[in-house]
Amino acid sequence: MDAIDKINFYLSKKGKNGADLSRALGLSNSIYSQWNTRKTKPSNVRLPAIAEYLGVSVEDIMPDDVAAPAASEGAKKAPDPEIEGVMEDEDLKEAVELLKKMDKETLRIFIKAARGALEN
């Protein structure tokens, strides 16, 4: 079973749908639609927020063909395909560190504002 099948399963258990998930995470409905039609997959960066919304662990929504990462100290994280190749930029590294320090509500507000700025 792939990640979107598992996400849809847990959404239905909660009586929710893709629009509810998109709204809660500040995503456009088209992103969820792309996942659902298998045009794209949820990125590893988004999985923790999705799992939290669904009230499950990240491992619960990982595709069956992907082993959950071992929780070993000092383990290197796999590169995220959405940002791979641009992490050499020191400004981007600083931005990521600042984003990690934000509480969830502030981060959601920031993301919505950033999306709005990019759409204009």
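In this chain, residues are counted from 1 in sequence order. It should be emphasised that the depicted structure is a prediction, and the values quoted were computed from it without experimental measurement.
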**Study point:** Distance (rounded to the nearest 0.5 Å) between Ile61 CD1 and Tyr53 OH
**Key:** 12.5 Å
Practice item. Verify the neighbour count for atom NZ of Lys13: are there more than 12 heavy atoms of other residues, nucleotides or ligands below 6.0 Å? Key: no
Exercise for review: Output all residues satisfying side chain to side chain contact (heavy atoms under 4.5 Å, CB included) with Leu99, sequence neighbours left out; order by chain, then residue number.
Suggested key: Met102, Leu107, Phe110
Check your understanding: Ignoring hydrogens and geometry, is there a side-chain-to-backbone donor-acceptor pair from Lys39 to Ile31 under 3.5 Å?
Key -> no
Exercise for review: Could I get the full list of salt bridge (charged side-chain N to carboxylate O under 4.0 Å, His left out) partners for Asp20, not counting sequence neighbours?
Suggested key: Arg23
Revision key, fill the gap. What one should report as the nearest heavy-atom pair of Ala19 and Asn29 is CA-OD1, 3.8 Å
Review point. Sequence neighbours excluded, which residues qualify as side chain to side chain donor-acceptor pair (under 3.5 Å) partners of Asp5?
Key: Arg38
**Study point:** Shortest non-hydrogen separation from Val58 to Ala51 and the atoms involved
**Key:** N-CB, 3.7 Å
Revision key, fill the gap. Given the options Asp2, Leu27, Asn8, Trp35 meets side chain to side chain contact (heavy atoms under 4.5 Å, CB included) only with Leu27
Check your understanding: Checking Lys16 against Tyr10: charged group under 6.0 Å from the ring centre and within 45 degrees of the axis?
Key -> no
Point to revise | Partners passing side chain to side chain contact (heavy atoms under 4.5 Å, CB included) against Ala49 (at least two apart in sequence or in another chain) | key: Leu25
Point to revise | Closest heavy-atom pair and its distance - Met1, Lys6 | key: SD-CG, 3.5 Å
Revision key, fill the gap. Heavy-atom nearest pair, Gly18 first then Leu11, reads N-CD1, 4.0 Å
Check your understanding: Mind checking what makes side chain to side chain donor-acceptor pair (under 3.5 Å) contact with Ser12, not counting sequence neighbours?
Key -> none
Practice item. Working to the nearest 0.5 Å, report the span between CZ of Arg46 and CD1 of Ile7. Key: 11.0 Å
Point to revise | Residues that Asn17 engages under side chain to side chain donor-acceptor pair (under 3.5 Å), provided they are two or more places apart | key: none
Revision key, fill the gap. Between Ser22 and Ser28 the two heavy atoms that sit nearest each other are OG-O, 3.8 Å
Exercise for review: Write down the atom of Asn36, the atom of Ile4, and the distance for their closest heavy-atom approach.
Suggested key: OD1-CG1, 3.6 Å
**Study point:** Side-chain donor-acceptor pair present, Ser57, Asp60, cut-off under 3.5 Å
**Key:** yes
